[in-house]
Each structure stands twice: as C-alpha cells, then as structure tokens.
Amino acid sequence: MKSTLTVAHYLNENAEYLANKIVDEIVSKFGFQVSKEDIEQARQMYVEFLTFLSDSIDCDEGSIPEELLNWSRQNGERSAAKHHRISEILIRYPDTRMVFADFILQISLDHELSTEDVVLILKRVHHMLDVSINETVLAFERKSEEILEKTRSELRELSTPVVPIENGLAVLPLIGSIDADRTEHLMNFVLPKIPELQVECLIMDFSGIVAMDTEVANHIFNVYRVLGLLGIEVLVTGLRPELAISAVSEGIDFSSIKTFANVKQAIESVKQTT
C-alpha cells in the first residue's frame, strides 16, 4: 500500500495535465457553451486547486486555499457584472463536483490507498468545492446588490430633476411613486441644489405620480415645508381628478397650497404676479 504522500506528490507533479483533463471532462458534460475565457480561468484555478490539495492532504481538515476563495468570488462578481443569473453558476456545480471527485477517486485507487485514506481525500475535495460554491453565490449576491443600488441611485437622479424655466422659476416633475427612499433623496440631494439655482418659485408637477395616499402626501408636505422655510414659493400642478379624490378620501388637505391644472397655467400665473 502506498501512502497518501505518494498521491500528494503525483497531484503536485501533474497538476497542469490533470487540470486540463478535468476541465475538458467537465465542459463536455455541460449542455451549453462555455466561453474560452471561463475555460482558461477554470484550468488555472484547478492547477492551483490540485497543488493546494497535494500540500494539504496531511494538514488539518477544513483549510481552504486563498486562491480558490478568490477565484470563486471573482467568478460570482464577474457573473453578476455581466447580468447573468445565479442559476447559470449553480447549474454547473453538480457535473463539476462529480467529475472532479471521480478523478480524485480514480487516482487514489490507482495508488492503492486504503479506504480510509480515499474517504479522507474525497471529504477534503467535497469540502473545498462546497466552500467554493458558497463563496461564489455570496459574491454574486453582494455584487448584484451593489449594481442594483447604483441603478437605483441613477434612477433617483433621473426621476427628480430640477428644470429651470427662467430666472427664479423652476419645475420639479415627480414621476412614479414617492416613498421614503425617494423623499430622502429629495431632502438630501435635490432640495439643497434649489437655492443654488436661485429659485424663488418651484412648480411641483404631479402629472407623473401613479398613486396618491397619506404617506405620499406627507412626503410631499415635508418637501413643501422645507422649501417654505427657505423662502421658496411652491406651486402644485398635474393633480389629476382621481388623485385629488383619493387625497380627499385620505383626509389630505391641499387648501394651503396653490394648485393648477398644468405647468403652463402655473407659469402664466407666476408671470401675471411679477
């Protein structure tokens, strides 16, 4: 019987050859195309994986190569950045695990390891593969959330533009739904810019608001109060009949705010008073 050290030496000496065979076998199992870039990265990762496995056969169980963790995270981040689905990663895992385990099992048997040693090596292989897929998924989720937050931020910027009309007059079109997140953006990023534009009168256009409820009205009134404290007159336009009816039914009082049917009427009103 040969010791596990003989297998370790074999894996280290033949890492590149074995990695190529493993990757080719794994890819052949897939029922879909894999990019050349992904294949080359997988070859390099498996070379490092086999080298680490050879070094860690007689080490404490549970240790994981940093190279494997980094590759797994990069794989997850890269997939998220390309807007792939997480299923495109997970679908590869069963074939990858089985092919890799079968290779290691065959090598162990060829070197006449004991059943106990074979089980030990396979346990370490499966543990490293499991940790790898976990790190990949976690990195995918983190990157996806980062991309989503960036998209939300960009949408907030686009959906709350302050549009100057003429000296001292600007329009703030409200589009979609107004929630706590949008209100925070209005308060922290949009409103501070209004005095910089030397706006004396701001028209808040409701034409793009899809629904009106108490929460929305409270958010709007918060904006209205802040602008009033800054000495800026606020006019409301585009309050559609169904929105007005909904507002009244919710007990919302717009009587203290000047309202107009559309932006054109509001602008004409401002011009008549100046």
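Residues N262 and T237 bring no donor and acceptor atom of their side chains to less than 3.5 Å of each other. Remark: the S72 side chain and the N75 side chain contain no N/O donor-acceptor pair separated by less than 3.5 Å. Side-chain contact annotation: Q44 with E48, donor-acceptor N/O pair under 3.5 Å present.
Other residues, nucleotides and ligands place no more than 12 heavy atoms under 6.0 Å from the CD atom of E16. Within 6.0 Å of atom CG in L197, more than 12 heavy atoms from other residues, nucleotides or ligands are found, so the atom counts as buried in its surroundings. In this structure, E166 places its CD atom where more than 12 heavy-atom neighbours from other residues, nucleotides or ligands lie under 6.0 Å away. Within 6.0 Å of the NZ atom in K82, the count of heavy atoms belonging to other residues, nucleotides or ligands exceeds 12.
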Dump the intermediate steps for side chain to side chain contact (heavy atoms under 4.5 Å, CB included) on L169 and I203, then the final yes or no. CA-CA 8 Å; L169 177 63; I203 300 172; 4.0 Å; yes
Stepwise, does the side chain to side chain contact (heavy atoms under 4.5 Å, CB included) test hold for L174 with D205? CA-CA 6 Å; L174 301 175; D205 182 41; over 6 Å; no
From CA spacing to verdict: side chain to side chain contact (heavy atoms under 4.5 Å, CB included), V23, E40: CA-CA 9 Å; V23 171; E40 289 306 314; over 6 Å; no
Kindly indicate, with the supporting measurements, whether the criterion side chain to side chain donor-acceptor pair (under 3.5 Å) is fulfilled by D110 and Q106. CA-CA 6 Å; D110 290 344; Q106 189 58 54; 2.8 Å; yes
Stepwise side chain to side chain contact (heavy atoms under 4.5 Å, CB included) test for V119 and L122: CA-CA 5 Å; V119 171; L122 287 177; 5.8 Å; no
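The residues R142 and E77 are annotated as not salt-bridged, no charged nitrogen and carboxylate oxygen being separated by less than 4.0 angstrom. For E146 and K143, the salt-bridge test passes: some basic side-chain N is under 4.0 Å from an acidic carboxylate O. Contact check on K29 versus E25 returns a salt bridge, with a Lys/Arg side-chain nitrogen under 4.0 Å from an Asp/Glu carboxylate oxygen. Under 4.0 Å is where a charged nitrogen must lie from a carboxylate oxygen, and between D24 and R43 at least one such pair does.
Residue Y46 holds its OH atom at 15.5 Å from NZ of K21, rounded to the nearest 0.5 Å. A distance of 7.5 Å separates CD1 in I121 from CD1 in I104, rounded to the nearest 0.5 Å.
A heavy-atom distance below 4.5 Å is found between the side chains of C201 and L235.
Note: F49 and F100 have perpendicular aromatic rings, judged against thresholds of 30 and 60 degrees for the angle between ring planes.
The shortest heavy-atom contact between A19 and L50 is N-CD1, 3.7 Å.
In this structure a side-chain-to-backbone donor-acceptor pair under 3.5 Å is missing from S144 to E141. When atom types are taken as modelled, the side chain of D117 and the backbone of L113 share no donor-acceptor pair closer than 3.5 angstrom. A donor-acceptor distance shorter than 3.5 angstrom exists from the side chain of H111 to the backbone of I107, with no hydrogens or angles considered. Judged by distance alone, the side chain of S54 and the main-chain N or O of T51 form a donor-acceptor pair under 3.5 Å. Of the possible donor and acceptor atoms, one in the side chain of N14 sits under 3.5 Å from a partner among the backbone N and O of Y10. Under the 3.5 Å distance criterion, the side-chain polar atoms of S132 are left unmatched by any main-chain donor or acceptor of M128. A distance-only check finds a donor-acceptor pair linking the side chain of T96 to the backbone of R92 [under 3.5 Å].
For F30, the ring pair (Phe, Tyr, Trp, His ring centres under 6.0 Å) partners at least two apart in sequence or on another chain are F32.
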